[in-house]
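Hydrogens, waters and symmetry mates are skipped; everything else that's a heavy atom, side chains included, is used.
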Amino acid sequence: TNEKPTEYIVSGGTGTFNKNWASEWTYTTSDTNPAGLKLITTNRAGNMQGSEDEMHLYSGTAMSSPYRLQVSLPYQITGYSFKYSNDKNDGKTITIDEATYNVTSEVQTINVTGLATQETDFTLAGENNKVTVTDFKVYIKKLPSVTFNYKYTYDGLEKTEEIVAVVGD
């Protein structure tokens, strides 16, 4: 289908963190989060915080923190963009695939397009100082799909599993 992607905003005000120094942020603005949008640190380090309109990302004590945007089937991330800066010119970088971007006190923009995936990664490296991320937008579309409820008995208990099948694009 040619369904236009939906824009989701990633910030402290649009989601919840799993703890104060978080390793996971989950989108919670609407009544539901059907796409299951999350931002996680794949090393599970608590390197995230945020405020109403911002995300505060850190490289952590390892001075390198891998971040992952992820959604659940039948949804796909088609792209994302954000503005970023920090108040120290300390050589910090953001790497996406083979491209590396320097983080400075000047606000810059990263725009990633042409994706069709359930997860996409970037890495923040350098001194463990806050990188302020604003206007963080993730573009998500729903793939054509069907959902089955599979009922079975296991160990004397009746169980139901939901199975989502993508049926082409």
Nearest heavy-atom approach of Met48 to Glu24 is CE-N, 3.5 Å
Please examine the side chains of Lys137 and Val10, heavy atoms only from C-beta on, and report whether any two atoms are closer than 4.5 Å.
-> no
Gln70 CD to Thr120 OG1 distance, which is reported to the nearest 0.5 Å | 11.5 Å
Do Phe136 and Ile140 belong together in a cluster built from hydrophobic side chains that touch within less than 4.5 Å?
-> yes
Which heavy atom of Gly36 sits nearest a heavy atom of Ser72, and at what distance?
-> CA-OG, 4.1 Å
What heavy-atom pair brings Ile96 and Asp121 nearest, and what distance separates the two atoms?
-> CG2-O, 4.2 Å
Closest non-hydrogen atoms of Ser145 and Val164, given as atom of the first, atom of the second and distance, are CB-CG1, 4.2 Å
For the hydrophobic clusters of this structure (ILVMFWY residues joined by side-chain heavy atoms under 4.5 Å, transitively), does one cluster hold both Tyr75 and Ile77?
-> yes
Mind checking what makes ring pair (Phe, Tyr, Trp, His ring centres under 6.0 Å) contact with Tyr67, not counting sequence neighbours?
-> Phe122
Over 12 foreign heavy atoms within 6.0 Å of CG, Asp97 = no
Please report the shortest heavy-atom distance between Thr123 and Pro66, naming the atom on each side.
-> OG1-CA, 4.1 Å
Give a yes or no on whether the backbone of Glu52 and the side-chain of Ser11 come within a donor-acceptor separation of less than 3.5 Å.
-> yes
Give the C-alpha distance, both sets of side-chain angles, the deciding distance and a yes or no for side chain to side chain contact (heavy atoms under 4.5 Å, CB included) between Asp90 and Asn129.
-> CA-CA 9 Å; Asp90 58 7; Asn129 299 314; 2.5 Å; yes
Please list every donor-acceptor pair under 3.5 Å in which a side-chain atom of residues 101-112 meets a protein atom from a residue at least two apart or in another chain.
{"residue": "Thr104", "atom": "OG1", "partner": "Glu106", "partner atom": "N", "Å": "3.2"}
{"residue": "Thr104", "atom": "OG1", "partner": "Gln108", "partner atom": "NE2", "Å": "3.4"}
{"residue": "Gln108", "atom": "NE2", "partner": "Asn102", "partner atom": "O", "Å": "3.0"}

Interatomic distance, Thr147 atom OG1 to Ile163 atom CD1 [nearest 0.5 angstrom] = 10.0 Å
So, does Asn18 use its side chain to make a donor-acceptor pair with the main chain of Ser23 at under 3.5 Å?
-> yes
State whether the side chain of Asn86 and the backbone N or O of Val131 hold a donor-acceptor pair below 3.5 Å, judged by distance alone.
-> no
Determine whether Phe82 and Val71 fall in the same hydrophobic cluster, where Ile, Leu, Val, Met, Phe, Trp and Tyr are linked whenever their side-chain heavy atoms lie under 4.5 Å apart.
-> yes
Do the side chains of Leu39 and Met55 get nearer than 4.5 Å, heavy atoms only?
-> yes
Full working for side chain to side chain contact (heavy atoms under 4.5 Å, CB included) between Lys151 and Lys159 = CA-CA 6 Å; Lys151 292 185 180 190; Lys159 306 247 183 195; over 6 Å; no
Indicate the ring-plane relationship of Tyr27 and Trp25, choosing parallel, tilted or perpendicular according to the 30° and 60° boundaries.
-> perpendicular
For Asn47, which of Ser59, Ser64, Ser65 qualifies under side chain to side chain donor-acceptor pair (under 3.5 Å)?
-> Ser65
When you measure from the side chain of Thr117 to the backbone N and O of Glu119, does any donor-acceptor pair fall under 3.5 Å?
-> yes
Quick one: does Thr132's side chain get under 4.5 Å of Lys130's, heavy atoms only?
-> yes
How long is the gap from OH on Tyr58 to CE on Met63, to the nearest 0.5 Å?
-> 15.5 Å
After noting the C-alpha distance and the side-chain angles of Glu162 and Tyr150, does the key distance pass the side chain to side chain contact (heavy atoms under 4.5 Å, CB included) rule?
-> CA-CA 6 Å; Glu162 186 174 273; Tyr150 175 65; over 6 Å; no
ILVMFWY network linking Val138 to Ile40, side-chain heavy atoms under 4.5 angstrom | no
Going through the distances and angles, do Thr14 and Tyr8 end up as a side chain to side chain contact (heavy atoms under 4.5 Å, CB included)?
-> CA-CA 9 Å; Thr14 61; Tyr8 288 75; over 6 Å; no
Kindly write out the residues that satisfy side-chain contact (heavy atoms from CB on, under 4.5 Å) with Glu161, not counting sequence neighbours, or none if the list is empty.
-> Tyr152
Residue pair Val166 / Leu73, side-chain heavy-atom distance below 4.5 Å = yes
What closest approach, in Å, do Phe17 and Gly50 show between heavy atoms, and which atom pair accounts for it?
-> CZ-N, 3.6 Å
